[in-house]
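Worksheet: the structure to be examined is printed underneath.
The sequence lines fix the lettering, A, B, ..., with proteins before strands; numbering per chain opens at 1.
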Amino acid sequence: MRMIRKKFPEINDEKLLRDLAVSTVERSVKDGDIVIDYGDEIKFIPMVLEGTIKVNRQAGEDQEIFLYYLMSGDTCASSFSCCMVQKRSEIIAIAEEDTKLLMVPVQKADQWMSEYPAWRNFIFNMYDIRMFSMIDTIDRLAFSNLDEQLIDYLEKKSSVLNTKVLETTHQEIAFDLNVTREAISRLLKKMENDGLVRLERNKIFML
DNA sequence: ACATTAAGTGATT
DNA sequence: AATCACTTAATGT
């Protein structure tokens, strides 16, 4: 409850906070765990208390692309609309680090929309934020070449995880940007020569 | 020591 | 930029 207040200051309705405390379940996931898989039926809306969730679009079997991060204080509003129209998940959500979530049952979330203006505002606000972050992603995809995308990707990851040392593989980046591993390896190599990064196995040092 | 996985690279399309 | 084929290097058992 204290946690909710701290992480979600927009929710400033005492009664709603009490409702949240009784109707939600806290869930801890570890780095790399899949929170929502492609095709899952969504029954809960996750609110992120601590940690980071990576959200990827998945198209078909082998096509995947990074959409955005959910950080502390964020919620995935689109999962709300998704289950309102009884759809299965179009995205996959993976924990990027050990993460604490607050799982809000859809039915409650729906009920609170009419009950609490604070909740309604919160959800709409989150919609807006998600939407902008998507537009950002679209810009990146449509208007920038791979090197810019890669730099953007690395910078985002670095700032989200608050570290200069990214622990990841070229292959994983390649999956997220939907290109081949070789392309990433070559670009990173070039960036290393340009003094932008330093490379080690499973590590990228941002300079 | 051996197997596995990550990364580097040249050639081809 | 993708695909392929192969090498080299790091890491796990």
Side-chain angles (χ1 to χ4, degrees), chain A residues 27-40 42 46 48-72 74 76 78-79 82 87-101 129-207:
Chain A
R27 180 176 170 201
S28 293
V29 290
K30 291 211 199 66
D31 188 359
D33 282 359
I34 294 174
V35 182
I36 297 172
D37 204 349
Y38 182 72
D40 276 3
I42 296 170
V48 182
L49 292 173
E50 269 175 25
T52 310
I53 302 286
K54 181 168 79 179
V55 178
N56 278 12
R57 169 89 229 267
Q58 192 146 79
E61 283 287 291
D62 49 352
Q63 296 231 302
E64 196 170 322
I65 199 158
F66 168 76
L67 288 183
Y68 50 75
Y69 286 111
L70 291 177
M71 303 171 61
S72 167
D74 286 339
C76 188
S78 61
S79 64
C82 181
K87 266 195 177 168
R88 284 169 183 274
S89 177
E90 299 279 342
I91 53 95
I92 179 167
I94 310 158
E96 185 82 4
E97 53 189 331
D98 292 356
T99 298
K100 272 204 185 113
L101 299 168
I129 292 172
R130 258 344 81 234
M131 178 69 89
F132 264 100
S133 127
M134 292 263 238
I135 288 172
D136 204 51
T137 302
I138 293 170
D139 283 348
R140 215 186 54 217
L141 291 176
F143 306 124
S144 76
N145 42 29
L146 186 58
D147 13 353
E148 284 175 79
Q149 275 191 63
L150 178 59
I151 290 168
D152 189 72
Y153 175 90
L154 295 174
E155 278 174 351
K156 236 171 221 166
K157 184 156 181 144
S158 166
S159 91
V160 153
L161 298 179
N162 194 28
T163 172
K164 293 274 169 203
V165 187
L166 307 180
E167 301 203 12
T168 185
T169 63
H170 298 183
Q171 183 64 75
E172 197 192 327
I173 299 171
F175 276 137
D176 284 348
L177 299 183
N178 194 32
V179 293
T180 57
R181 194 218 91 225
E182 290 92 324
I184 297 297
S185 288
R186 288 181 169 124
L187 264 179
L188 280 171
K189 198 77 207 167
K190 203 174 84 198
M191 287 170 67
E192 186 176 39
N193 290 333
D194 293 345
L196 295 169
V197 294
R198 192 158 63 77
L199 301 176
E200 263 176 38
R201 189 191 169 92
N202 290 318
K203 285 193 185 99
I204 299 169
F205 298 80
M206 304 287 288
L207 305 174

*Which heavy atom of A/Glu64 sits nearest a heavy atom of A/Asn178, and at what distance?*
O-CB, 3.4 Å

*Could you tell me whether a side-chain N or O of A/Thr52 sits under 3.5 Å from a main-chain N or O of A/Met71, the two making a donor and an acceptor?*
no

*Considering only heavy atoms and no angle criterion, is a donor-acceptor pair shorter than 3.5 Å present between the side chain of A/Arg201 and the base of B/dT5?*
yes

*asked:* Check this one for me: any side-chain N or O of A/His170 less than 4.0 Å away from OP1 or OP2 of B/dT5?
replied: no

*Mind calculating the distance between NZ (A/Lys203) and C1' (C/dA9) to the nearest angstrom?*
15 Å

*Whole-Å gap separating P (B/dG8) and CD (A/Glu200)*: 11 Å

*Taking CG from A/Asn145 and P from C/dA1, how many angstroms apart are they, rounded to a whole number?*
8 Å

*Looking at A/Arg88 and A/Gly39, what are the two nearest heavy atoms and their distance?*
NH1-O, 3.1 Å

*So, do A/Leu154 and A/Leu188 sit near enough that their side-chain heavy atoms are less than 4.5 Å apart?*
yes

_Heavy-atom donor-acceptor pair, A/Thr137 side chain to A/Leu67 backbone, under 3.5 Å_ = yes

*Starting at atom CG of A/Asn178, determine the distance to atom P of C/dA1, rounded to an integer number of angstrom.*
13 Å

*What are the residues of residues 179-191 of chain A, sorted by number, that bring a heavy atom to within less than 4.0 Å of DNA chain B?*
A/Arg181, A/Glu182, A/Ser185, A/Arg186, A/Lys189

_Sidechain N-carboxylate O distance under 4.0 Å for A/Asp176, A/Lys156_ = no

